[in-house]
S.K.: 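Below is one structure. I have some questions about it.
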Amino acid sequence: QVQLVESGGGLVQAGGSLRLACAASGGTFSRYAMGWFRRTPGKDREFVATISSGGRTTYYADSVKGRFTISRDNAKNTVYLQMNSLKPEDTAIYYCAAYSASAYALTTGDYDYWGQGTQVTVSS
């Protein structure tokens, strides 16, 4: 059983930056691809970014490409999401998730474990 705990959310002005972190425990972190998703009220969870287990391959939603960067440190059992040039429409609860495979995954149904989420609010 893998436990995931997100941190780093908060309130930021449009154009600002935040760095989210997700610390994993209870499993062999380097065996899991990781992903970030987000949810706004009334909507399903939306894919944001994903990274393969070794960190060599990443993929981003078009809405964040060029502004967000996903990375991981397998020695620290942590995955990160660096968010730059934030926009009000990035406001959401951000979740990290773990997928029991080496290749990355894009859909919520692929992921086996989820964190509780961290709130990101971008003011205009």
Side-chain angles (χ1 to χ4, degrees):
Q1 188 79 7
V2 175
Q3 291 82 44
L4 302 172
V5 179
E6 302 95 337
S7 61
L11 174 64
V12 64
Q13 288 188 330
S17 298
L18 282 175
R19 188 193 196 202
L20 305 183
C22 173
S25 61
T28 304
F29 182 69
S30 61
R31 294 182 179 177
Y32 293 86
M34 299 297 294
W36 286 97
F37 291 76
R38 65 188 182 187
R39 182 165 62 187
T40 54
K43 294 186 177 181
D44 292 334
R45 289 184 189 183
E46 172 191 27
F47 167 75
V48 175
T50 182
I51 187 167
S52 60
S53 60
R56 294 180 180 180
T57 310
T58 59
Y59 190 86
Y60 298 90
D62 287 343
S63 58
V64 307
K65 199 173 297 181
R67 300 187 297 121
F68 291 10
T69 302
I70 188 171
S71 62
R72 65 189 295 159
D73 186 338
N74 284 350
K76 294 183 178 179
N77 292 351
T78 302
V79 62
Y80 304 96
L81 185 68
Q82 177 66 45
M83 306 186 294
N84 298 329
S85 302
L86 282 161
K87 305 175 181 180
E89 51 263 44
D90 294 318
T91 295
I93 299 173
Y94 283 72
Y95 301 87
C96 73
Y99 170 46
S100 302
S102 58
Y104 62 62
L106 306 183
T107 60
T108 57
D110 291 324
Y111 287 82
D112 303 291
Y113 304 101
W114 292 84
Q116 292 300 305
T118 185
Q119 176 71 47
V120 171
T121 303
V122 184
S123 63
S124 57

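Since we're looking at a predicted model, the values are computed, not measured. By convention here, the first residue in the shown sequence is residue 1.
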S.K.: Under 6.0 Å from the NZ atom of K65, do we count more than 12 heavy atoms belonging to anything else shown?
M.R.: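 It does: K65 NZ has more than 12 such atoms within range.
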S.K.: Before you tell me yes or no, could you show the steps for Q119 and T91 under side-chain contact (heavy atoms from CB on, under 4.5 Å), namely the whole-Å CA-CA distance, both residues' side-chain angles and the distance that decides it to 0.1 Å?
M.R.: CA-CA 8 Å; Q119 176 71 47; T91 295; 4.0 Å; yes
S.K.: Counting heavy atoms not belonging to Y113, are there more than 12 under 6.0 Å from its OH?
M.R.: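 Yes - once you tally the heavy atoms of other residues, nucleotides and ligands closer than 6.0 Å, there are more than 12.
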S.K.: Is there side-chain contact between V12 and M83, with heavy atoms separated by less than 4.5 Å?
M.R.: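 Not touching, per the 4.5 Å side-chain cut-off.
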S.K.: Say you draw a straight line from OG of S102 to CZ of R31; how long is it, rounded to the nearest 0.5 Å?
M.R.: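 Output value for this atom pair is 12.0 Å.
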S.K.: To the nearest 0.5 angstrom, please state how far the CZ atom of R39 sits from the CD atom of E46.
M.R.: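 Result: 12.5 Å between the selected atoms.
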S.K.: Minimum heavy-atom separation for G27 and V2, please, with both atom names.
M.R.: CA-CG2, 4.1 Å
S.K.: Yes or no on side-chain contact (heavy atoms from CB on, under 4.5 Å) for I51 and V79, after CA distance, side-chain angles and deciding distance?
M.R.: CA-CA 9 Å; I51 187 167; V79 62; 4.2 Å; yes
S.K.: Of all heavy-atom pairs between D90 and R38, which one has the smallest distance, and what is that distance?
M.R.: OD1-NH1, 2.9 Å
S.K.: Linking I/L/V/M/F/W/Y whenever their side-chain heavy atoms sit closer than 4.5 Å, directly or via other members, would V122 and I93 fall into one cluster?
M.R.: no
S.K.: What's the separation between atom CZ in F47 and atom OG in S63, rounded to the nearest 0.5 Å?
M.R.: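 Nearest 0.5 Å value for the CZ-OG distance: 9.5 Å.
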S.K.: Roughly how far apart are D73 CG and S30 OG, rounded to 0.5 Å?
M.R.: 11.5 Å
S.K.: Is there side-chain contact between Y59 and I70, with heavy atoms separated by less than 4.5 Å?
M.R.: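 With C-beta onward as the side chain, the pair stays apart.
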S.K.: Counting N and O atoms only, with roles assigned by atom type, does the side chain of N74 sit under 3.5 Å from a partner on the main chain of S53, one being a donor and the other an acceptor?
M.R.: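 It does hold such a pair.
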S.K.: Applying side-chain contact (heavy atoms from CB on, under 4.5 Å), run through V120 and L20 and close with a yes or a no.
M.R.: CA-CA 9 Å; V120 171; L20 305 183; 4.0 Å; yes
S.K.: Would a line drawn from the ring center of W36 to the ring center of F68 be shorter than 6.0 Å?
M.R.: no
S.K.: Could you pull out the closest heavy-atom pair between S17 and S85, with the gap in Å?
M.R.: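 Residues S17 and S85, closest heavy atoms: OG-N, 4.3 Å.
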S.K.: When you compare the side chain of F37 with that of T108, does any pair of heavy atoms fall below 4.5 Å?
M.R.: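 A side-chain contact under 4.5 Å exists here.
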S.K.: Looking only at non-hydrogen atoms, find the nearest pair between S52 and Y104 and report the distance.
M.R.: N-CB, 4.1 Å
S.K.: Side chains of L86 and L18: closer than 4.5 Å at any heavy-atom pair?
M.R.: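 They are in contact (side-chain heavy atoms under 4.5 Å apart), so the answer is yes.
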S.K.: Taking atom types as modelled, find out whether T50 and Y111 have a side-chain donor-acceptor pair closer than 3.5 angstrom.
M.R.: yes
S.K.: Looking at CD of E6 and OG1 of T78, how far apart are the two atoms once the value is rounded to the nearest 0.5 Å?
M.R.: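 The OG1 atom of T78 is 12.0 Å from CD of E6, to the nearest 0.5 Å.
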S.K.: Test side-chain contact (heavy atoms from CB on, under 4.5 Å) on Y94 and L81; report intermediate values, then the result.
M.R.: CA-CA 10 Å; Y94 283 72; L81 185 68; 4.1 Å; yes
S.K.: Is there a side-chain contact between Y95 and T118 in this structure, where contact means two heavy atoms from C-beta onward sitting under 4.5 Å apart?
M.R.: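 Y95 vs T118: side chains apart.
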S.K.: Check whether any side-chain heavy atom of F29 sits under 4.5 Å from a side-chain heavy atom of R72, and report yes or no.
M.R.: yes
S.K.: Rounded to the nearest 0.5 Å, what separates atom OH in Y80 from atom OG in S71?
M.R.: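 Those atoms lie 7.0 Å apart.
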S.K.: Quick check on Q3: does its CD atom have over 12 non-hydrogen neighbours (other residues, nucleotides or ligands) under 6.0 Å away?
M.R.: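 It does: Q3 CD has more than 12 such atoms within range.
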S.K.: I'd like to know if the side chain of D112 reaches the main chain of Y99, judged simply by a donor and an acceptor atom lying under 3.5 Å from each other, with no hydrogens or angles considered.
M.R.: no
